[in-house]
Amino acid sequence: MRCIDEIPAGELKGKRVLVRSDFNVPMGTDGEVADIFRLKRGWETIQYLSQKGAKVVVASHIGRAPEESIEPVARALRKFGAIVYIPDIAGSIAHDAIAAMKNGEILLLENLRRDPREKKNDESFARELASLAEIYVNDAFAVAHREDASIVGVPKFLPSYAGLLMRDEVFHLTEALHPKHPSLAIVGGAKFETKDPIIRSFLEVYDHVSVVGAIANDCLKRRGFPVGRSKISEHAPAREVCENPRLIVPADVTAEREDKQAFVKNPADVLPDDKIVDIGPDTVAALAPFIAEAKFITWNGPTGIFEEGYVSYTSAIAELIAKRVERGGMRSVIGGGDTIAALKESGVPEGKLGFFSTGGGAMLEFLLKGTLPGIEALQ
Ligand code: 3PG
Ligand code: MG
């Protein structure tokens, strides 16, 4: 995988460069971008190319509904620099706008998923996208696990490079594949069946694997604890996973009654009316020494239902990690859209926690397979 910073100075000047970014960001009820994390991280590559005199044509998807427009993303990106939104993907409006570009200018094309050929990895669509530019750059790590036309199709037709964000993601997540010891993985989220492969893989590579969030309920249940009305996955985890001595299940939980009152309890005391919404302070205390000793921490998934305000234990873990990062000699990668959103509420500054991955599904798939279709397409 070649990165754009390997392109000799001067060679980018005047070149049309198609940058596939992942600007699939959450939208607020006001129709504007609600979180700029991916925009901020993706802007670095765009700026780099623009400063080298390239004509930068940015393409991304937004959401899953084909009618969604990416125009609000262009408005949000103007915090970082000048960018022109083009209400077209690869038709005559886009071609004319690109032909009129001056060196260093930046355009944003319309939502790639407006064209059904994007998700089908249709070759004719990949060719049309490729015809817009002379160089292709993939900086869309968070969607590099999808075999979409703009991810795996376009690099067949243009000289192709990784962007700076893609390079950083691959670097840090490669370290997470072979962590320094002692190492700790913290995994949350729902639907155990979707996390089962990564938990099994972490159990082989990491010294300890802590399950939090809804998937911890499945492990508690498998270990014979009552879980009341808590969220439970369709497929129960295997006994050998839940009984693995490296697996850490919550020592206590925050349980909410039907009347919305919440109490910290021992898992054995969960009542039929209770819904587990978070871990508890004893679980944080149990994790503290592992965090303090760790040389590597990977974290994906908040500890509780942060959308309902249960963020205090996610924050407590973040604070322990921030302290550990401050002492030095430890690397960490933290990812998943929900984790990042929950951490935003925690008040612990992003810069104090190590590397934040922009990927959710892509991060987990990379950690499982060591590569992604979008990365392979750049080889
Ligand atoms: C994401 O936000 O996870 C990526 O942009 C991929 O989006 P998708 O899950 O709709 O393919
Ligand atoms: Mg997703």
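First listed ligand is number 1; within each ligand, the first listed atom is number 1. Note that the structure is predicted; figures quoted are calculated from it, not measured. In what follows, residues are counted from 1 in the order of the sequence shown.
Taking every non-hydrogen atom of A142 and a distance limit under 4.0 Å, the qualifying atoms of ligand 1 come out as 4 (C), 6 (C). Within the listing of ligand 1, atoms 8 (P), 9 (O), 10 (O) sit less than 4.0 angstrom from a heavy atom of R64. Taking every non-hydrogen atom of R146 and a distance limit under 4.0 Å, the qualifying atoms of ligand 1 come out as 8 (P), 9 (O), 11 (O). Heavy-atom proximity to R113, at under 4.0 Å, picks out these atoms of ligand 1: 7 (O), 8 (P), 10 (O), 11 (O).
For R75, the side-chain contact (heavy atoms from CB on, under 4.5 Å) partners two or more places apart in sequence, or in a different chain, are E32, E71, P72, R78. Legend: residues meeting ring pair (Phe, Tyr, Trp, His ring centres under 6.0 Å) with F23, ordered by chain and number and at least two apart, are absent.
Here E118 pairs with R20 in a salt bridge; the nearest charged N to carboxylate O distance falls below 4.0 Å. Comment: D218 does not engage R222 in a salt bridge, judged by the lack of any side-chain N to carboxylate O separation of less than 4.0 angstrom.
I151 and V58 are not part of a single hydrophobic cluster, where members link through side-chain heavy atoms under 4.5 Å apart.
An N or O contact shorter than 3.5 Å links N24 to ligand 1 by distance. For ligand 1, the polar-atom distance check finds an N/O of D22 within less than 3.5 Å of one of the ligand's N/O atoms.
Residue contacts with ligand 1 for R38 involve side-chain atoms from C-beta outward but no N, CA, C or O (heavy atoms, distance under 4.0 Å).
For the residue pair Y313 and D278, the shortest heavy atom distance occurs at CD1-OD2, 3.5 Å.
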